[in-house]
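Not measured: the values here are computed from a predicted model. Read the numbers this way: they start at 1 and go in the same order the structure lists the ligands and their atoms.
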Amino acid sequence: MPGSPARPGGRREHRDAAPPLSHTRRSRMSITAAMPTAKERPRRTRTKRVSHLPAIRLSSLLPSHIDLHDPLKPSLVCRDCGTWVPITGMQSKTQKLVPHHTGRADVAAAIRCRSSNRRIEWDMTIPEWHQALTDAVKEAASRQATTVLPKAFSPATDQTLRARAQRTPAGRLADWNAVLPRVAATDAHRQVAPAGDSPALSRTVPLDKLKITH
Ligand SMILES: [Zn+2]
């Protein structure tokens, strides 16, 4: 492979050259016989191989599972194996996850992840991702606050509140006007004091002080 930096052991070439059928055979072998461990993930690959699985849409992932801080070295959390995997081909036509094993390098067994070489669909710009990440962080922060958030309204209550919010000033005035006669009647009733009823235990009032003098 001219131009590409030589890697010890030529791992990349070996892995990329493997036809899809042999991987089953290889992983079965890895369990029974040799037990090779997971290889370190390459940052970039040049293989033309593309996974038959549908492309991974960025918008379908959590913003915190995508890292576009360095647009030339992006990575994301593979949904199949749950680990960070570099995206290769940033300067070529197709971008995809680098081929990778499912577990930690040199620790886990060398089991090829099915999302190896899977294409990436850029349905999100870097600023959009940044915004989504910021929103998610804010949202998480608000969840950790000690303030108790009000319970969500039931659909019926929600509808009532919406209807109330949509009322016009004219409508509100008409409602008040409709209720005013009843308010006036209630007030009038309150002001009527039954004759002869006076509080039995109240103190006497100094009547002379209440006289208005000019
Ligand atoms: Zn994976």
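Looking at Q131, its side chain never comes within 3.5 Å of a backbone N or O of E128 through a donor-acceptor pair. Between the S60 side chain and the I56 main chain, no donor and acceptor come within less than 3.5 Å of each other. The backbone N or O of S75 lies less than 3.5 Å from no partner atom in the side chain of W84, so there is not a single donor-acceptor pair.
More than 12 heavy atoms of other residues, nucleotides or ligands lie within 6.0 Å of CD in E121, so this atom counts as buried by the packing criterion.
Hydrophobic cluster membership of L180, counting Ile, Leu, Val, Met, Phe, Trp and Tyr whose side-chain heavy atoms lie under 4.5 Å apart directly or via other members: none, as it forms a cluster of its own.
When all heavy atoms are compared, the tightest approach of L53 to R114 is CD1-O, 3.4 Å.
Protein atoms that are N, O or S and lie under 2.8 Å from the Zn ion (ligand 1) are these: C78 SG, C81 SG, H100 NE2, C113 SG.
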